[in-house]
Amino acid sequence: LYILDAGHYRIVAISAATGTVVDTIGSGTQGYVEGSFAAAQFYHLGGLVYDQGTNSLFVVDQDTMRTGVIRKLDLGSRTTTQFYYDQSMITINVDSGIRQYGGYLYLGGNGNIYRFNKTNANDNNLVAGVDRFGNRNGSLSTALLGRPYDLVMTPDRKTIYVAENYKIRKIDTVASTASQVIGSSV
C-alpha cells in the first residue's frame, strides 16, 4: 500500500500483511527534486495512483498557487521523473484526484476533469468543465464544476463519478452531460 505522507513530504509504502513501513519515497525535505527515491523532494502531495502496466506511481504535486506537476515514480528503477508540468495551474490544483483507466490518467482539479495519455503527457484533453469553478449541470462543454478532489470511472468507461464541493456529480461521457447525484453546493 502506498500512502501520501504530505506533512512529511514523502510517500510511505506499508506492508498490507504486517502493517509495517517497508519503504519511503522522498527525502522528507520540502521542494521539487527529481532523481532517486532517497533524494527526491515533494512540495504538496495531492493525489496518487498506481499503474500496473509501468509498475509506477503517478502523483500530483504542487506548490500552493503557482505550479502543478504530475510526477512518475518508477518502482523498478526507484527514480522519479516529471510527467507533466503546469506552470499556470490551469490543469492541476491543490488536492487533485487522479485515477488510471486503460492507457490514460484522469485528473480532477481546478473545476475540470482532464485526460492524459500515460505515454505522452502532451496528448491530453479536457473531459468536463470550462476552466473555472461553479455549480452548473448540463453539457460537458458548459458545465461548471467545483474542485474535483476524487473521481472514479465505471468499468465500461462511460461514466465518471466526481466528489467535489459537498456533492457527487455524474459525468456521462456518452451523452456528454454532467448532473448532480447527491449533496448540495456551498
Side-chain angles (χ1 to χ4, degrees), residues 1-125 127 147-153 155 157 160-164:
L1 303 172
Y2 292 93
I3 301 169
L4 298 177
D5 186 9
H8 294 107
Y9 316 109
R10 64 185 179 183
I11 297 155
V12 177
I14 306 284
S15 166
T18 65
T20 59
V21 174
V22 294
D23 199 4
T24 59
I25 304 170
S27 67
T29 301
Q30 187 178 37
Y32 282 124
V33 174
E34 304 293 0
S36 72
F37 280 6
Q41 292 180 2
F42 301 98
Y43 197 92
H44 180 86
L45 294 164
L48 165 81
V49 66
Y50 173 70
D51 177 42
Q52 185 175 3
T54 61
N55 192 32
S56 299
L57 299 172
F58 287 90
V59 298
V60 179
D61 191 16
Q62 63 268 334
D63 64 13
T64 52
M65 295 309 281
R66 290 187 305 250
T67 60
V69 181
I70 300 174
R71 299 169 73 173
K72 183 177 179 182
L73 287 56
D74 186 311
L75 299 173
S77 67
R78 299 182 53 79
T79 57
T80 70
T81 55
Q82 179 179 290
F83 175 75
Y84 180 78
Y85 177 73
D86 179 12
Q87 184 174 4
S88 60
M89 290 193 76
I90 291 172
T91 351
I92 302 172
N93 205 320
V94 177
D95 298 332
S96 298
I98 187 168
R99 295 290 176 257
Q100 179 269 324
Y101 297 99
Y104 295 93
L105 298 172
Y106 289 81
L107 177 77
N110 213 21
N112 300 301
I113 307 293
Y114 289 91
R115 183 177 83 161
F116 293 84
N117 184 316
K118 287 188 312 190
T119 60
N120 177 5
N122 292 321
D123 177 9
N124 64 74
N125 64 301
V127 175
R147 287 185 184 253
Y149 59 86
D150 201 8
L151 52 109
V152 64
M153 185 176 280
R157 299 189 183 130
I160 304 170
Y161 289 94
V162 182
E164 49 104 334

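Atom set for the values below is all heavy atoms of this structure, side chains included, hydrogens, waters and symmetry mates excluded.
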- Task: May I have the step-by-step check of side-chain contact (heavy atoms from CB on, under 4.5 Å) for Val59 and Leu45, ending in yes or no?
- Result: CA-CA 7 Å; Val59 298; Leu45 294 164; 4.3 Å; yes
- Task: Indicate whether the side chain of Thr80 and that of Glu34 have a donor and an acceptor atom separated by less than 3.5 Å.
- Result: yes
- Message: Please check this pair: side chain of Gln52 against backbone of Thr54, looking for a donor-acceptor N/O pair closer than 3.5 Å.
- Response: no
- Item | Nearest-0.5 Å distance, CG of residue Asp5 to CZ of residue Arg10 | 4.5 Å
- Item | Non-hydrogen atoms of Tyr2 and Leu48 that approach each other most closely | O-CD2, 3.3 Å
- Message: Using every non-hydrogen atom in the two residues, find where Gln41 and Ser27 come nearest and quote the distance to one decimal.
- Response: CG-OG, 3.4 Å
- Message: Could you go through Tyr104 and Asn117, starting from their C-alpha distance and side-chain angles, then the distance that decides it, and tell me whether this counts as side-chain contact (heavy atoms from CB on, under 4.5 Å)?
- Response: CA-CA 5 Å; Tyr104 295 93; Asn117 184 316; 4.1 Å; yes
- Message: Less than 6.0 angstrom from the centroid, inside 45 degrees of the normal: does Arg78 satisfy that with respect to the ring of Phe37?
- Response: no
- Please round to the nearest 0.5 Å and tell me the distance separating atom CZ of Phe42 and atom CD1 of Ile11. 4.0 Å
- Task: Determine the sole option in Asn122, Leu107, Asp123 for which the side chain to side chain contact (heavy atoms under 4.5 Å, CB included) test with Phe116 is passed.
- Result: Leu107
- Task: Take Tyr114 and Ile70 through the test side-chain contact (heavy atoms from CB on, under 4.5 Å) and record every step on the way to the result.
- Result: CA-CA 12 Å; Tyr114 289 91; Ile70 300 174; over 6 Å; no
- Could you grab the distance from atom CG of Asp51 to atom CG of Asp74, nearest 0.5 Å is fine? 10.5 Å
- Does the side chain of Val21 reach to within under 4.5 Å of the side chain of Ile14, using non-hydrogen atoms? yes
- Task: To the nearest 0.5 Å, tell me how far Leu57 CG sits from Leu73 CG.
- Result: 5.5 Å
- For Ile98 against Gly47, the heavy-atom pair lying closest together: CG2-C, 3.7 Å
- Message: With a 3.5 Å distance limit and no angle check, can you tell me whether Asp61 reaches the backbone of Tyr43 through a side-chain donor-acceptor pair?
- Response: yes
- If you take all heavy atoms of Ile113 and Gly108, which pair is closest and at what distance? CD1-CA, 3.9 Å
- Message: Would you compute the distance between atom CG of Asn125 and atom CZ of Arg115 and round it to the nearest 0.5 angstrom?
- Response: 4.5 Å
- Query: Closest approach of Arg71 and Val33, non-hydrogen atoms and distance?
  - Reply: NH2-O, 2.8 Å
- Query: So, do Asn55 and Tyr50 sit near enough that their side-chain heavy atoms are less than 4.5 Å apart?
  - Reply: yes
- Search all heavy atoms of Leu151 against all heavy atoms of Tyr106 and return the closest pair with its distance. CD1-CB, 3.8 Å
- Ring geometry between Phe58 and Phe83 (parallel below 30°, tilted from 30 to 60°, perpendicular above 60°): perpendicular
- Between the side chain of Tyr101 and the main-chain N/O of Met153, is any donor-acceptor distance below 3.5 Å? yes
